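Heads up: the structure comes next, in structure tokens.
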There are 2 protein chains.
Amino acid sequence: MPSVTRKAQNSRAARRDELRNQLLEVVERLIDEGESFTEISVERIVAEAHISRTTFYVYFADKGDMLSAWFADIAAEVAAGVSGWWEMGPQSTREDLRTAIESAVNAYRPHIALMAASFHAAAYDPTVHELTDAFMASNVASLCKHVIAGQKAGFVDPSLPAADVAVWLLWMAERGFHVMMRDVDDAELQRQIDAYTAIVWNTLYAPTHRT
Amino acid sequence: MPSVTRKAQNSRAARRDELRNQLLEVVERLIDEGESFTEISVERIVAEAHISRTTFYVYFADKGDMLSAWFADIAAEVAAGVSGWWEMGPQSTREDLRTAIESAVNAYRPHIALMAASFHAAAYDPTVHELTDAFMASNVASLCKHVIAGQKAGFVDPSLPAADVAVWLLWMAERGFHVMMRDVDDAELQRQIDAYTAIVWNTLYAPTHRT
DNA sequence: CAATGTCCGGACATGCCGTCTGTAACTCGC
DNA sequence: GCGAGTTACAGACGGCATGTCCGGACATTG
């Protein structure tokens, strides 16, 4: 009875997604209350979510698996948010850059706590590590491509080592988002965006925009 | 008998230092072998160091305490390594900046594994968090002061928000050191230093050095 | 009804933690 | 050398969290 099996699998996957969201909501709240992902036990999570620990292990191999199940979705969202950056061209202004960065921040920000948790867990969980790595690699590749194109088109400092600078700028963003954009009001957030924009602008574009 | 007590305390402190170094050597090796600090148990550490777990707890409250006992020393070393940067003046060249950064890297590099472990542990260990925080805050303060002085003296882009940019540039360094300078050969290391130098130079100094 | 899938409570072995024994050794001052 | 103080140890503890397993309760479906 293949149809039965198929249906079961579908509902299983759906249920997994449902649980995943429900559990991450709990985790997010706990993190916001000042705890760290590593310190939050599975027992704690399932208790707060009112499901049994057994059920948790039916759907997830462990905490990292739960995080991983969620990461791909959000990575895509963020990637879409950043994409404006890659469209910078010779005519683009510093305002355009700021807008692109702001949209990336806006995509990132609702999930800062869990993103930070993911990057933290990446240090000891191989599965999570692969995901964060792929996420960074993909964005680095995009930025690198953009930088090289910009150098060819003459609106990015041609003396820069494109690949290396791309890596540095994006890891800076990752770290900065987690460290500086947690628990900040909107004014502070705007200032942080300004600062990051200033660094990126000066690094990449300013040298070719001298008046 | 105060003299006895005093002597005991001295030897205790000395022994603590001795153990600390011995244990961190083990930890460093284990990390180099691909394990993560969080995952390394006290049992593991003491076994490899050929001391008993009991003895460990005589001298340290826990793993974090051991890391903390070591962090202050190394923070001072690194701070000394970076100090060349703050001496950049109106006449300083890009080469000077690179030299300063290289010396910071050289101070940092021998301890990258443990520094990374410290920053990682900071996420869940309040004691370690305080130390890493103070370390970053102190360097940020120095850089911030340098930027402001440079803006007054006219060799740093005056449009930059000094405090914010200082924070971003230094967290970028912290992250970059851990992510990009682990397990790299010397050629790769030089390239990373070049990239970081390029970003810092373009951000801070280049706008006022236009030819 | 019977089979299937879902959830649960309860229990298990395992591993690590931090603490607390008692014991053996070593180093002093006397 | 004797005894007091210190240091190291092995061994055991209670506690907590992990990941796994089972059996029973319940609803859904054929």
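As the structure is a prediction and not an experimental result, all values here were calculated from the model. Chain letters run A, B, ... following the sequence lines, proteins first, then strands; residues in each count from 1.
Between the side chain of A/Arg53 and the base of D/dG19, a donor-acceptor pair under 3.5 Å is found.
Comparing A/Thr54 and A/Val42, the nucleotide of DNA chain D nearest to each residue sits closer to the 5' end for A/Val42.
Other residues, nucleotides and ligands contribute at most 12 non-hydrogen atoms within 6.0 Å of the CD atom of A/Glu130. Under a cut-off of 6.0 angstrom, the local environment of CD in B/Glu25 is sparse, with at most 12 non-hydrogen atoms contributed by other residues, nucleotides or ligands.
For D/dA8, one of the phosphate oxygens OP1 or OP2 lies less than 4.0 angstrom from a side-chain nitrogen or oxygen of B/Arg15. Dashed line: the shortest gap from a side-chain N or O of A/Ser52 to OP1 or OP2 of C/dC8 is under 4.0 Å. Residue A/Tyr59 places at least one side-chain N or O under 4.0 Å from the OP1 or OP2 atom of C/dC7.
Distance CD1 (B/Ile45) to P (C/dC17): 8 Å, rounded to an integer number of Å. The interatomic distance linking A/Arg44 (CZ) with D/dT18 (C1') rounds to 17 Å, in whole Å. For the pair B/Phe37 CZ and C/dC16 C1', the interatomic distance rounds to 14 Å; values are reported in whole Å. A straight line from CD of B/Gln22 to P of D/dA8 spans 11 Å, rounded to a whole angstrom. Taking atom CG of B/Asp65 as the reference point, atom P of C/dG18 lies 10 Å away to the nearest angstrom. Separating the CG atom of B/Leu23 from the P atom of D/dA8 is a distance of 12 Å, rounded to the nearest angstrom. As a whole-Å value, the separation of B/Ile51 CD1 from D/dA10 C1' is 14 Å. Protein atom CG of A/Asp62 is 13 Å distant from nucleotide atom C1' of D/dA17, rounded to whole Å.
Closest to the A/Ser41 side chain, of the nucleotides C/dG18, D/dT18, C/dC16, is D/dT18. Of the candidates C/dG10, D/dG19, C/dC17, the closest approach to any side-chain atom of A/Tyr57 belongs to D/dG19.
In this structure, A/Val58 reaches neither bases nor backbone, as no heavy-atom distance under 4.0 Å exists between it and the strands shown. A/Glu43 comes within 4.0 angstrom of a base, heavy atoms only.
Looking only at side-chain heavy atoms (C-beta outward), A/Leu23 and A/Ile51 come within less than 4.5 Å of each other.
Classification of the A/Tyr196-B/Trp168 ring pair by plane angle, with boundaries at 30° and 60°, yields tilted. A tilted orientation is assigned to the rings of A/Tyr108 and A/His178, their planes being inclined by 30° to 60°.
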